[in-house]
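Here the structure is laid out as structure tokens; the discussion comes afterwards.
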Amino acid sequence: MSSTNTSFASLTTSFTTSTSEFICSTCQKRFKKQSGLSRHLNIVKKYNIPRNDLDNLSETNNEKFRSILVYLIHRKLPHGFKKGGRQLVSLACTEHQFFNIFKGHIHHHHSNRNVYKCVFRGSSGYQILSEILNNPLWGRKFYDNEQQTYVVLFSDPPQHLKNNPLAIATRCITEGVNTKRRKSKYNPGEVVVEWKIKGERDAKENYCEAGFIYIRFWVKQI
């Protein structure tokens, strides 16, 4: 499924707590009134309307870029619990390319810094990314002995893997390692995709810049 045809339905989901707070299910921002949440979602919707100078790229180009992203994510799904935890994929990417792939799912835009941000959480986040990347296994890599390394978006591993003795032992050790790591602003259970411009200036004030996409996520082996 092409992400360019995705509606804004994923941007308008919300839920209400028992204390009558209204929460955006994507960014977890809380509002006291339904009207506040509605304004927030209307602003978010505007982030996903391309500027006039952002032309659509060909679907062939988009499919090739999706394949590159899946390949790079899989490179960050290693075999071995010691290599789990927080991961980062980054590569040069034009604003046109980013918008073509993630349009409809952009939830933050800092116009003064020209930064875009998407956040995906839970099983629904995994499904949305499967559609965006056109690959249902974008976040899983399989190994021998029924082991797999996966992007942490699932609430629970599959039952047959829960009962695998090697997976159980590995999971216990992994959880012990993760508790010792420094706390990150990027939380397990979510995938954060950002686009921003990186620039540098040399000793003679010559300036150059390029757009980059950053995909941050956590992985675990079971």
Side-chain angles (χ1 to χ4, degrees), residues 2-4 6 10 26-27 47-48 50-51 54 57-58 60-122 125-126 128-141 148-154 177-178 181-202 206-221:
S2 171
S3 64
T4 57
T6 304
S10 63
T26 300
C27 66
Y47 296 157
N48 291 271
R51 302 194 313 270
L54 287 181
L57 302 177
S58 71
T60 300
N61 179 291
N62 290 336
E63 281 301 318
K64 289 181 178 178
F65 191 71
R66 291 186 183 102
S67 296
I68 291 172
L69 292 179
V70 172
Y71 169 78
L72 293 175
I73 291 171
H74 271 226
R75 290 288 302 271
K76 296 291 184 176
L77 302 178
H79 188 214
F81 68 88
K82 289 185 178 180
K83 297 178 182 178
R86 189 172 66 246
Q87 303 290 339
L88 169 65
V89 166
S90 65
L91 73 157
C93 169
T94 65
E95 187 176 0
H96 292 70
Q97 186 69 83
F98 175 85
F99 216 95
N100 265 234
I101 300 299
F102 291 98
K103 180 177 67 176
H105 303 282
I106 298 168
H107 205 79
H108 303 271
H109 179 218
H110 301 288
S111 57
N112 57 329
R113 292 181 290 163
N114 205 15
V115 175
Y116 297 98
K117 182 178 179 181
C118 311
V119 182
F120 304 92
R121 291 187 176 91
Y126 189 94
I128 291 170
L129 280 168
S130 296
E131 296 170 1
I132 291 173
L133 299 174
N134 199 24
N135 189 326
L137 296 177
W138 67 270
R140 297 187 186 184
K141 189 172 183 179
Q148 63 171 284
T149 302
Y150 66 99
V151 176
V152 182
L153 276 172
F154 305 104
V177 171
N178 286 340
R181 294 186 171 173
R182 184 179 61 182
K183 186 176 181 181
S184 170
K185 66 178 181 178
Y186 301 101
N187 301 314
E190 65 183 26
V191 174
V192 178
V193 182
E194 295 174 290
W195 184 90
K196 63 181 70 175
I197 291 176
K198 288 181 65 176
E200 65 174 37
R201 199 178 301 274
D202 67 14
N206 296 309
Y207 180 77
C208 58
E209 66 178 27
F212 278 78
I213 186 173
Y214 299 88
I215 305 176
R216 293 179 169 87
F217 53 92
W218 291 68
V219 304
K220 184 181 288 188
Q221 185 178 49

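In this chain, residues are counted from 1 in sequence order. Quick caveat, the model's predicted, so the values are computed rather than measured. Heavy atoms only: backbone and side chains are in, while hydrogens, waters and symmetry mates are out.
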Considering non-hydrogen atoms only, spot the tightest contact between [X] and [Y] and give its length.
X    : Y    : result
N100 : L57  : OD1-N, 2.8 Å
C93  : F65  : SG-CZ, 3.7 Å
S130 : P136 : OG-CA, 3.7 Å
I106 : F99  : CD1-CE1, 3.7 Å
V192 : E194 : CG1-CG, 3.9 Å
H108 : C27  : NE2-CB, 3.8 Å

Taking the side chain as every heavy atom from C-beta outward, state whether [X] and [Y] have any atom pair closer than 4.5 Å.
X    : Y    : value
Y150 : L77  : no
K64  : N61  : no
H79  : Q221 : yes
N62  : Q97  : yes
Y214 : K196 : yes
L91  : L69  : yes
I215 : V191 : yes
W218 : V151 : no

Spacing of [atom1] belonging to [X] relative to [atom2] belonging to [Y], to within rounding of 0.5 Å:
X    : Y    : atom1 : atom2 : answer
L88  : L72  : CG    : CG    : 10.5 Å
H107 : Y47  : NE2   : OH    : 8.5 Å
R140 : L153 : CZ    : CG    : 10.5 Å
L137 : I73  : CG    : CD1   : 12.5 Å
I132 : F102 : CD1   : CZ    : 5.5 Å
K103 : C118 : NZ    : SG    : 13.0 Å

Verify salt bridge (Lys or Arg N to Asp or Glu O under 4.0 Å) between E95 and R51, making sure each step is shown before the conclusion. CA-CA 11 Å; E95 187 176 0; R51 302 194 313 270; 2.6 Å; yes
[Y] backbone acceptor or donor facing [X] side chain under 3.5 Å:
X    : Y    : value
T149 : K141 : no
N48  : H105 : yes
R216 : R86  : no
H74  : W138 : yes
N206 : D202 : no

Over 60° means perpendicular and under 30° means parallel, so tell me whether W195 and F98 are parallel, tilted or perpendicular.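 Rings of W195 and F98: tilted, 30 to 60°.
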Ring geometry between Y116 and H109 (parallel below 30°, tilted from 30 to 60°, perpendicular above 60°):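 Rings of H109 and Y116: parallel, as their planes differ by under 30°.
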